[in-house]
Amino acid sequence: MSKIYGLLAACVLCSNLAFAQKYQTSAPIEKRVTALLKQMTIEEKIGQLSLYTTDWGSTGPTIREGYKNDIRSGACGNLFNAHTTEFVRELQTIAVQETRLKIPLLFGFDVIHGYKTIFPIPLGEAASWDLKAIELSARVSASEASAAGLNWTFAPMVDISRDPRWGRVMEGAGEDTYLGSQIAAARVRGIQGKKLGQPDAMLACVKHFAAYGAPIGGRDYNTVDMSERYFREFYLPPYRAAVDAGAATVMTAFNDYDGVPATGNAFLLNQVLRKEWGFEGFVVTDYTSINEMLKHGVVENEQQAGELALNAGVDMDMQGAVYQQYLKKSLTEGKVSLAQIDESVRRILRFKFELGLFEDPFKFCDPTREKNTLLSPQNRAAAREVARKSIVLLKNEANALPLQSTQKIALIGPLADNKSELLGSWNGAGNADDCISLLEGLRAAHPTGIVFEKGCEITGTDRSGFAAAIRAAEQSDVVIVAVGEAAMMSGEATSRVHITLTGVQEELVLALCQTGKPVVVVLMNGRPLVIPRLAEKATAIVETWWLGTEAGNAIADVLTGAYNPAGKLPMTFPRAEGQIPVFYNEKSTGRPFDPESKWTSKYIDEPNSPQWPFGFGLSYTTFQYSEPKVLASGKDGFSVHFTLSNTGKMAGEEVAQLYIRDLVGSVTRPVKSLKGFQKVMLQPGETKELHFDVREQDLSFYRFDGTFGTEPGAYDLMIGGNSQDLKTVQIRR
Ligand code: BGC
């Protein structure tokens with residue numbers, strides 16, 4: 001027996017060596033790519049341009065079977081949704097041992113907010129306004145995923161969205177261009193690590209290019225239409241920031257932009273992405289989006305769709321099999337060029353070399369590393385740290401929070417003793433069993449005096465649990481009630497018209513408020529919700545999004561005051577759905593709201609102002625901003641100076657924010673735009689002198705003639721702790 005194993009092992013070793021010798025050379029990558037390209041048949045080239053899902057964990061209908069045969073024949077050059085070292089090794093072995101040219105496969109997966117250790121949903125992380133924490137989350141996620149066979153993640157998602165009806169807001173960084181751009185770059189840095197080629201670095205994939213977050217009516221996959229000026233100023237910068245941070249790949253979007261589907265849009269891909277931004281990586285479609293151009297109605301058949309995509313700049317076809325079926329025919333018919341196909345193959349092969357897959361196709365398949373990395377104590381600790389930074393305190397009347405250690409707690413609600421929903425949508429290979437529920441977290445932090453009652457479900461009309469919940473509340477000192485969305489209510493294809501609490505959850509909370517006990521609402525959800533009655537009646541409200549594996553511990557840290565919350569909303573919370581889209585950096589209009597005048601821009605049945613504005617979040621302490629002053633610093637630049645004081649009794653962090661308004665422009669300008677922020681820790685009574693440098697770039701915009709730059713005139717510079725309560729200083733330049 002052992003002889004046979006010895007022989008087998010020797011064979012594997014020999015073939016690995018043979019593989020390595022075939023491709024091991026010190027020649028520069030470009031030369032190696034050229035040499036390989038010369039040996040490739042057209043079928044093998046098209047295989048490199050094709051990406052297929054394996055049979056598990058796919059996010060849409062699988063249109064092809066028998067992927068192992070396609071790998072063998074060279075028709076499938078890349079896979080997604082296959083993970084674990086064991087499975088990846090099995091598939092990679094076919095590629096490097098049974099194919100003619102032995103080109104290794106890329107393995108992609110949606111590692112959106114964690115692989116096994118699940119971090120907060122991206123919208124939640126954005127609420128931390130902590131770029132180091134966000135980069136750390138991406139780093140840990142990449143180190144876990146790359147230990148489980150993967151070398152490519154379909155992240156970061158950087159789509160700006162001002163419409164909470166759109167379910168995919170949970171995957172992005174919210175409504176703001178500046179914050180979104182900073183976060184996009186941080187995530188790319190985290191995913192790709194120090195350098196591609198390191199065993200824990202993965203290819204990032206910026207998505208969904210472009211403007212996928214602006215579908216009409218917030219309905220997923222819907223048409224996007226906006227002026228190019230608006231598009232360039234508010235929607236494009238985060239993609240650009242990710243590309244500038246070195247993102248290796250870009251994914252197209254399902255929507256059309258200006259009448260052309262993003263997957264066949266040469267303006268987006270060839271013009272903006274490649275020519276203007278100098279992007280040198282490869283472009284992959286979103287799932288079957290080449291095929292979907294038929295339904296968009298811009299081509300008559302799939303062959304034409306493939307031609308449109310390739311000629312527009314799409315290198316890799318995800319799951320559509322259009323390139324595989326028709327590209328050779330299109331080439332013969334002269335509809336696409338060999339040069340274009342070669343260029344796309346080159347873009348993909350470059351990364352296979354850069355990742356080091358030709359030297360060691362199994363470099364991401366080390367089971368010992370997998371075992372030691374996934375869900376390690378350090379990774380869990382990082383997830384807890386990022387999770388508590390993501391929590392936003394929205395209301396805290398009469399200092400109901402933090403809890404006192406002697407208080408008797410009634411813990412109520414359908415999400416209080418739940419684990420699976422805490423993982424949120426797009427939860428990688430995360431397991432609910434590994435999650436800490438709120439009940440567990442709170443019991444660990446507050447060992448005595450917790451009574452739990454579910455009260456109701458997330459959906460449905462069953463009120464039979466109300467009586468017990470109310471009884472528990474009456475016997476407690478404080479009520480904590482965990483309500484919100486189920487994970488499948490936000491994410492892809494989950495647009496909602498009513499973004500309120502589902503079922504009888506709101507009724508339950510209002511019934512608990514009737515007891516006269518302080519009621520702390522813990523929200524768990526993937527998008528801003530419309531909850532005006534809770535905003536009025538609840539004593540305290542804590543927005544916790546879906547915080548992932550360490551959710552319960554992180555929430556308990558905040559509730560008990562072991563951690564002083566410092567999160568700020570990355571997206572406006574409306575008062576009513578009819579206000580949507582409602583966002584902070586709107587324009588003035590010719591008739592800005594004036595309470596004295598009927599004929600101004602407003603609703604007659606709701607105020608214009610949101611429930612909670614962008615950038616808003618409370619702390620257990622209080623902060624005071626001084627009046628800002630401006631100092632010239634250097635030739636063109638200047639800086640805004642102010643002091644920030646902790647005027648409360650607890651140490652805490654504040655996110656100081658800088659907004660700018662250009663008062664007169666050749667085109668209308670927003671009433672405020674975020675241009676800087678810093679997170680500052682202050683001890684009680686401590687005051688710090690702070691400043692923001694304002695650069696030419698911060699004052700620039702797409703002027704009337706379409707050029708990007710500044711115009712002379714007056715500017716308001718505003719500083720404060722959210723987008724509404726600001727102190728202003730004016731400058732002229
Ligand atoms: C989503 C992408 C995702 C892809 C692969 C699509 O449905 O829109 O964001 O990366 O599936 O899972």
Side-chain angles (χ1 to χ4, degrees), residues 50-64 67 76 78-83 106-115 121-123 138 141-142 145 150-161 166-173 184 187-188 191 202-215 218-222 224 238-239 242 247-257 261-263 281-293 295-296 314-321 424-430 487-488 490-495 526:
S50 301
L51 168 68
Y52 295 111
T53 179
T54 56
D55 298 334
W56 61 335
S58 84
T59 54
T62 328
I63 60 165
R64 295 178 48 81
Y67 55 85
C76 166
N78 312 282
L79 285 171
F80 69 116
N81 288 332
H83 49 106
L106 287 180
F107 285 90
F109 191 46
D110 291 279
V111 185
I112 307 298
H113 53 111
Y115 175 71
I121 57 167
L123 186 65
S141 306
L150 295 157
N151 45 40
W152 184 22
T153 170
F154 303 139
M157 188 277 221
V158 306
D159 303 319
I160 293 298
S161 185
W166 189 54
R168 298 196 81 167
V169 297
M170 56 108 351
E171 282 174 67
R187 289 198 196 284
V188 171
I191 292 166
M202 302 174 87
L203 305 178
C205 183
V206 187
K207 68 189 190 185
H208 306 82
F209 196 67
Y212 180 43
R219 208 177 69 214
D220 207 2
Y221 317 125
N222 205 4
V224 170
Y239 306 102
T249 75
V250 168
M251 186 185 292
T252 65
F254 286 126
N255 56 280
D256 62 341
Y257 169 72
T263 301
F282 71 82
V283 173
V284 61
T285 69
D286 201 347
Y287 213 99
T288 62
S289 63
I290 298 187
N291 319 56
E292 291 168 24
M293 290 203 282
K295 295 244 169 81
H296 273 289
V314 168
D315 303 303
M316 192 185 282
D317 173 1
M318 183 198 286
Q319 195 58 18
S425 188
W426 293 111
N427 51 37
M488 288 319 288
S490 282
E492 187 174 350
T494 56
S495 294

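Both counts, for ligands and for their atoms, begin at 1 and track the order of listing.
Under the salt bridge (charged side-chain N to carboxylate O under 4.0 Å, His left out) criterion, D159 pairs with no residue, sequence neighbours left out. Applying the side-chain contact (heavy atoms from CB on, under 4.5 Å) criterion to P261, with sequence neighbours excluded, gives D256, M293, H296, V298.
Taking the six-membered ring for Trp and the full ring otherwise, F209 and Y239 have centroids separated by under 6.0 Å.
For ligand 1, the atoms closer than 4.0 angstrom to any heavy atom of K207 are 2 (C), 3 (C), 9 (O), 10 (O). Near F154, the atoms of ligand 1 lying under 4.0 angstrom from a non-hydrogen atom of the residue are 10 (O). Close approach of ligand 1 to H208 is summarised as follows: ligand atoms under 4.0 Å from at least one heavy atom of the residue are 2 (C), 8 (O), 9 (O). Interface atoms of ligand 1 facing R168, defined by a heavy-atom separation under 4.0 Å, are 1 (C), 2 (C), 8 (O), 9 (O).
Under a 3.5 Å cut-off, the side chain of D317 and the backbone N or O of G320 do form a donor-acceptor pair.
Here M157 has no heavy atoms under 4.0 Å from ligand 1, in either its backbone or its side chain. Proximity of E171 to ligand 1, defined as any heavy-atom pair under 4.0 Å, is not found for any part of the residue.
Using a 4.0 angstrom heavy-atom cutoff, F109 does not count as in contact with ligand 1.
Between K295 and E292 there is no salt bridge, since no side-chain nitrogen of the basic residue lies less than 4.0 Å from a carboxylate oxygen of the acidic one.
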